[in-house]
Amino acid sequence: MSTVAVTPQTGAGAEELGAGIGFEDVSKVFVSAESDAFTAIESIDLTIEPGTFVTIVGPSGCGKSTLLNMAAGLLKPSSGTVRYRGSPVTGVNTDVGYMTQKDNLLPWRRVEDNVRLPLEMPGHHRSRAEKTAMVEAQLARVGLEKFGRRYPAELSGGMRKRVALARSLVYDPATLLMDEPFGALDAQLRLSLQGQLLELLRRDRKTVLFVTHDIEEAVMLADRVVVFGANPGRIVHVEDVHLDRSGDLVAARRSPEVAEICGRLWSMLETHEETPDGDR
Ligand code: ADP
Ligand code: MG
C-alpha cells in the first residue's frame, strides 16, 4: 500500500487554499437486502494536494463515482478516513463543486436559474443582485452569456455540459469534483471543453479530482494520473505527468510523450483487467 501525494503547482492561492483531499486506507462495502456484501473499493490511500489536478482512470464499476461521492460527503466510507482541508469529512462537503456523471439540469428552470441553484442552498447569504451578478459572470466564463434565458431542452449536449460546469463553479468552490464530465460528447467537443477547463483553471487555480474512463483525457489534463483496477476497486498505478499545456492542446496530444504515457497506462489497465477478488 503506498501513499500518493502530489506536489502543488505554483499558482495563485494554491497554498493558502489548503483545500487538499485525503483518503486514508478507505474502503467502501455496499450491503443490501438482496445480495451479499460487495466491496466497491478497498484500501485506498491517496492525497490530492491543494491546487493540483488529479485524474482517476479505470474501467466501469471500479468505484470511481463512489470515491467522489465520499469526497463530497454524500457517502461514508465503511472503514478508513476521508479528509478535506485536513479534517475528516462528516457531512455534505459544501466547499466543493461537484459535476456529476449526469448533468442533472432541472428541465423546468431556465439556464440562469439552473446555475443559480447552489446559491439558493442554505449558507449562501447574498443579495439577489449579487447572486444574479455571480450567475452572469459564470455563464460568461463558459461562453453562455447569451443563453441564460433558454431552457435545458433547447441546448446541445456540449452547452448542457457547460451549464453544469458553470453551476458547479458559481459559488467559487476551492475544489472541483468531476465525474466523467465530458464522457458522452463527440471528440471535437470534448477537446474544446478540456481546453476551456484548463483555461479556467489557469486563471483561477483549484484543486481538481477528475474521473474519466478515457486514458488520453486523463493524461492531457492532469498533474497526476491514478489508475484504478476493478474487483475490488483499488489503485494499481500512479503516473506523474509534466506536459507543457501552455499552447495548443491538439499539438500536445500528438506529442510522443503523451503516446508513451498512454501506452504505459493502457498496459497497466490490461494487466489488472481480469484480476479476481483477492488475487493481488
Ligand atoms: P464507477 O464509477 O467506477 O463505474 P461506481 O463507483 O459507480 O463505479 O460503482 C462501483 C461498484 O459499486 C459497482 O460495482 C456498483 O455496482 C457498486 N455500487 C455503487 N453504488 C452502489 C450502491 N448504492 N449499492 C450497491 N452497490 C453499489
Ligand atoms: Mg461512475
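What's counted below: heavy atoms across the whole structure, side chains too, no hydrogens, waters or symmetry copies. Counting convention: from 1, in listed order, for ligands and their atoms alike.
- Nearest protein neighbour of atom 8 (O) of ligand 1, counting heavy atoms only, is G63 N, 3.2 Å.
- A donor-acceptor contact shorter than 3.5 Å is absent between the side chain of E217 and the backbone of D214.
- Shortest contact from atom 9 (O) of ligand 1 to any protein heavy atom: T66 OG1, 3.8 Å.
- Side-chain atoms of T94 and Y171 form no donor-acceptor pair, as typed in the model, at a separation below 3.5 Å.
- Checking T66 against the Mg ion (ligand 2), every N/O/S atom stays at or beyond the 2.8 Å cut-off.
- When distances from atom 26 (N) of ligand 1 to the protein are checked, a heavy atom turns up under 4.0 Å.
- Side chain of S27 to main chain of S43: a donor-acceptor pair is present (N/O by atom type, distance under 3.5 Å, no hydrogens or angles).
- Taking a 4.0 Å cut-off on heavy atoms, S32 fails to register as neighbouring ligand 1.
- Looking at F38 against ligand 1, only its side chain comes within 4.0 Å, counting heavy atoms.
- Checked by distance only, ligand 1 and S65 come closer than 3.5 Å through their nitrogen or oxygen atoms.
- Between R167 and D103 no salt bridge is recorded (no basic side-chain N to carboxylate O distance below 4.0 Å).
- Salt bridge annotation for K161-E180: absent, with no cationic side-chain nitrogen under 4.0 angstrom from a carboxylate oxygen.
- Y98 and N69 share a donor-acceptor pair across their side chains, judged by distance under 3.5 Å alone.
- Taking any N or O of C62, backbone or side chain, at least one lies under 3.5 Å from an N or O belonging to ligand 1.
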Would you please test T132 and R116 for side-chain hydrogen bond (donor to acceptor under 3.5 Å, both in side chains) and show each step? CA-CA 8 Å; T132 300; R116 184 192 294 268; 3.1 Å; yes
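- Side-chain contact check for D179 and S65: at least one donor-acceptor pair (N or O, by modelled atom type) lies under 3.5 Å.
- With hydrogens left out, the protein atom closest to atom 19 (C) of ligand 1 is F30 CE1, 3.4 Å, a heavy atom.
- Note on Q101: counted as a metal contact of the Mg ion (ligand 2), an N/O/S atom lying under 2.8 Å.
- When only non-hydrogen protein atoms are considered, atom 4 (O) of ligand 1 lies nearest to G61 N, 2.7 Å.
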